[in-house]
Amino acid sequence: MAALRLPAWALSRGGTRRFATSPRARVQFYADPVRALEGVKDGATVMLGGFGLCGLPENLIAALQKTRVKNLRVVTSNAGVKDFGLGLLLATKQVRRVVCSYLGENPLCEQQYLAGELDLEMTPQGTLAERIRAGGAGVPAFYTPTGYGTLVQEGGAPIRYSPEGFLMKLSQPREVREFQGQHYLLEHAIRADFALVKGWKADRAGNVIFKGSARNFNVPMCKAAAGISWFCHMGL
């Protein structure tokens, strides 16, 4: 990764930071989280860190709601709850597709999915974590035994319904290979335009410390996105 150029002024206690992993990467600091998300445009793929409500970047999600960008493809561990986290973006109908491992306790996600307003791609949780990790490591695809013999491998899982309740889009079958007598299916890596994560501390080089179990999906998502915004409780 290219060296990061930073402003001369010191970090404040709490606030939003952003950097991009491009050859001309720079760390920028913002008091306003909405400004930190100005690079997120309509149709962007956005990863949301956290597991359930632990390590969820709630301040950045609330800021993303204020930007009113739409047609977002969101990659997250789960759909959260109705009035917190991803539920805020679903309430304003800014999301067109959710890639997750389970719905959680969000009836709004279920309602929009069954009403034909939302694409929903369900992925086994370990597979989702590895797809994200592979994206950050530059690995385009990998083989896994998880999901073999199910709709994950065979295809046909409903992704989108019509408003009348008819199936409009189904998952596609996976390529299968045999290694040492065991069957594996091919899964493709996931990369995103932006990752929104929640950290505990950060330094001027763009390193982020995650507290306890809040590491979860936040860490691999940092590496699998072209741009990263994070909110920290206190500076180093």
Side-chain angles (χ1 to χ4, degrees), residues 1-2 4 18-23 25 39-40 43-52 54-57 60 72-80 86 95-104 119-155 157 159 169-199 206-210 213-230:
M1 183 183 297
L4 303 175
R18 186 184 75 183
F19 73 91
T21 54
S22 66
V40 182
T45 297
V46 179
M47 290 181 175
L48 302 181
F51 179 79
C54 178
L56 191 72
L60 291 170
L72 296 173
R73 179 176 182 256
V74 174
V75 181
T76 182
S77 72
N78 67 93
L86 181 58
V95 181
R96 68 173 175 84
R97 186 182 183 94
V98 175
V99 180
C100 65
S101 60
Y102 69 103
L103 290 181
D119 286 5
L120 181 63
E121 180 184 340
M122 301 294 291
T123 302
Q125 189 163 113
T127 301
L128 178 63
E130 182 62 12
R131 291 179 69 188
I132 294 169
R133 190 208 66 81
V139 178
F142 59 92
Y143 285 98
T144 175
T146 303
Y148 177 76
T150 71
L151 286 179
V152 175
Q153 175 249 312
E154 297 169 355
I159 290 179
K169 186 184 299 185
L170 302 174
S171 66
Q172 297 300 306
R174 304 292 200 273
E175 175 188 325
V176 176
R177 288 190 62 183
E178 183 177 334
F179 297 96
Q180 299 178 343
Q182 187 170 359
H183 291 95
Y184 295 78
L185 54 127
L186 184 69
E187 290 284 358
H188 291 269
I190 301 177
R191 285 195 56 82
D193 301 306
F194 245 80
L196 309 186
V197 303
K198 182 178 182 178
N207 299 301
V208 184
I209 298 174
F210 299 94
S213 60
R215 286 176 54 86
N216 52 62
F217 279 84
N218 282 302
V219 176
M221 285 182 175
C222 283
K223 303 174 184 179
I228 300 131
S229 281
W230 69 88

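In this text the structure is predicted, and so the values were computed from the model without any measurement.
Pairing each heavy atom of G49 with each of L56, the nearest pair is O-CD1, 3.6 Å. Nearest heavy atom pair, residue Q153 against residue L185, reads CB-CD2, 4.0 Å. The two residues F142 and A134 make their nearest non-hydrogen contact at CD2-CB, 4.1 Å. In plain terms, the two heavy atoms of V139 and A189 that are nearest each other are O-CB, 3.1 Å. Smallest separation of non-hydrogen atoms from C100 and L120: SG-CD1, 3.9 Å. Among all heavy-atom pairs drawn from S213 and C54, the shortest one is OG-SG, 3.4 Å.
For the side chain to side chain donor-acceptor pair (under 3.5 Å) test with Y143, the passing option among E178, E187, E175 is E175; the others fail.
Atom OG1 in T144 sits 10.5 Å away from atom CG in L186 (nearest 0.5 Å). Taken to the nearest 0.5 Å, the CG atom of L151 stands 12.0 Å off from the CE atom of M122. Taken from CD1 in I190 to CZ in R133, the straight-line distance is 13.0 Å, to the nearest 0.5 Å. The OG atom of S171 sits 9.5 Å away from the CD atom of E154 when rounded to the nearest 0.5 Å. With rounding to the nearest 0.5 Å, the separation of CG in L60 from CG in L48 is 9.5 Å. Separating the CG atom in N78 from the CG atom in L86 is a distance of 8.5 Å, to the nearest 0.5 Å.
More than 12 heavy atoms of other residues, nucleotides or ligands lie within 6.0 Å of CZ in R73, so this atom counts as buried by the packing criterion.
Counting heavy atoms from C-beta outward, V99 and L128 have side chains that approach closer than 4.5 Å. Side-chain contact check for F210 versus C222: some heavy-atom pair is nearer than 4.5 Å. T76 is not listed as a side-chain neighbour of M47, based on a closest heavy-atom distance of 4.5 Å or more. At a threshold of 4.5 Å between non-hydrogen side-chain atoms, the residues P145 and Q182 count as touching. The shortest distance between side-chain heavy atoms of H188 and P140 does not fall below 4.5 Å. Under the 4.5 Å side-chain criterion, counting only non-hydrogen atoms from C-beta, I132 is in contact with V75. Between N216 and S77, every side-chain heavy-atom pair lies at or beyond the 4.5 Å cut-off. For the pair I159 and L170, the minimum side-chain heavy-atom distance is 4.5 Å or more.
Looking only at distances, no side-chain donor or acceptor of R97 sits under 3.5 Å from a matching main-chain atom of V95. The backbone N or O of G126 sits nowhere less than 3.5 Å from a side-chain atom of E130 that would complete a donor-acceptor pair. Remark: the backbone N or O of A44 is not paired with any side-chain donor or acceptor of D193 at under 3.5 angstrom.
A salt bridge links K169 to D119: at least one charged side-chain nitrogen sits closer than 4.0 Å to a carboxylate oxygen. Taking a cutoff of 4.0 Å between a charged side-chain nitrogen and a carboxylate oxygen, E121 and R131 qualify as a salt bridge.
In this structure, the ring of Y148 has its center no less than 6.0 angstrom from the ring center of Y184.
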